[in-house]
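Order of the sequence lines sets the chain letters (A, B, ...), proteins ahead of strands, with each chain counted from 1.
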2 protein chains.
Amino acid sequence: MYAIAFTQNILYGRWKYFILWYLKGTTRRYSDIKNFLGDLSQGSLTKQLRELENDGVIAREVFPVVPPKVEYSLTEKGMKLIPVLDMMEAFGKEYGEQAKSTNDNE
Amino acid sequence: MYAIAFTQNILYGRWKYFILWYLKGTTRRYSDIKNFLGDLSQGSLTKQLRELENDGVIAREVFPVVPPKVEYSLTEKGMKLIPVLDMMEAFGKEYGEQAKSTNDNE
DNA sequence: CAGAATCCGCCGCGATACTG
DNA sequence: CAGTATCGCGGCGGATTCTG
């Protein structure tokens with residue numbers, strides 16, 4: 001049961017789910033991720049990315065070019081989290097959408 | 001994709017996962033849950049339970065007896081979250097235990 | 001472009017005390 | 001036994017500024 005705590009700890013963070021979701025099956029640049037998430041600051045994003053990297057679920061590749069270029073992708077370990085995301089999305093689709101029929105603020 | 005946010009919001013909380021996990025397939029009393037989780041205070045537990053109840057994933061039944069008795073159980077909606085918990089547990093079992101062999105930083 | 005470093009506000013959570 | 005009410009802290013996340 002404490003296995004859940006381990007997983008929860010990795011995913012605990014406001015943007016972790018979205019980052020992983022966005023990296024699903026693709027490699028993304030730092031600016032792409034930031035642009036996708038939109039609302040968060042660079043400091044927060046970098047922090048979340050570092051944590052995910054430290055937990056071994058995403059990989060960070062730096063290209064030594066003049067305009068800095070850094071790409072992020074899921075590791076093997078990170079891909080194992082996709083089923084979790086899929087289950088969460090399925091649940092949200094079943095129960096979440098109907099609640100925002102005429103209400104779509106924010 | 002915002003469906004994930006919906007699910008995340010329901011599960012966001014330090015003890016939500018454990019509470020749902022503990023209620024999986026069973027009805028439990030308030031004191032049972034508290035005893036199971038151990039470390040948290042009554043105030044925190046009640047708050048988490050109220051939130052879960054408000055989100056419609058657990059049901060609360062009060063028995064009007066002299067020593068108060070309240071039982072909690074998963075609703076149909078709550079049972080739909082079990083796959084998420086199972087996926088998280090599977091991931092944690094695969095990666096969590098082996099990682100804590102000799103490494104215990106912070 | 002992709003950070004690092006710093007400061008700050010919020011609130012989630014815990015501790016405590018009190019109640020029916 | 002199962003709460004409610006209040007207070008306070010710690011830590012996450014956000015905003016800003018500065019770098020290579």
- [ ] Please list residues of residues 41-51 of chain B whose heavy atoms come under 4.0 Å from any atom in DNA chain D, ordered by number; otherwise none.
- [x] Gln42(B), Thr46(B), Arg50(B)
Task: Close approaches to DNA chain D from residues 11-27 of chain A, in residue order (heavy atom, under 4.0 Å) - done: Gly13(A), Arg14(A), Trp15(A)
What pair of heavy atoms forms the shortest contact from [X] to [Y], and how long is it?
X	Y	answer
Lys77(A)	Asp55(A)	NZ-O, 2.8 Å
Arg14(B)	Gln8(A)	O-NE2, 3.6 Å
Tyr17(B)	Leu85(B)	CD2-CD2, 3.7 Å
Ile10(B)	Leu52(B)	O-CD2, 4.1 Å

Open item on the list: Categorize Phe63(B) for me: base, sugar-phosphate, or nothing, with a 4.0 angstrom heavy-atom threshold over every strand shown.
Closed with: nothing
Euclidean distance, atom [atom1] of residue [X] to atom [atom2] of [N] [Å, nearest integer]:
X	N	atom1	atom2	value
Leu52(B)	dC13(C)	CG	C1'	15 Å
Asn9(B)	dG12(C)	CG	P	10 Å
Asp32(A)	dG3(C)	CG	P	12 Å

TODO: Decide, yes or no, whether a salt bridge links Glu89(B) with Lys93(B) under the criterion of side-chain N to carboxylate O below 4.0 Å.
DONE: yes
TODO: Determine whether the aromatic ring centres of Phe91(B) and Tyr95(B) lie less than 6.0 Å apart.
DONE: yes
TODO: Compute both the distance and the angle, then confirm whether Arg28(B) meets the cation-pi test with Tyr22(B): under 6.0 Å from the six-membered ring centre, within 45 degrees of the axis.
DONE: yes
Task: Any donor-acceptor pair under 3.5 Å from Thr7(B) side chain to Ala3(B) backbone - done: yes
TODO: Using the six-membered ring wherever Trp is involved, compare the ring planes of Tyr72(A) and Tyr30(A) and label them parallel, tilted or perpendicular (cut-offs 30° and 60°).
DONE: tilted
Open item on the list: Of all nucleotides in DNA chain D that come within under 4.0 Å of a heavy atom of chain A, which is furthest toward the 5' end and which toward the 3' end?
Closed with: dG13(D) to dG20(D)
Task: Joint hydrophobic cluster, Met88(A) plus Tyr12(A), side-chain heavy atoms closer than 4.5 Å - done: no
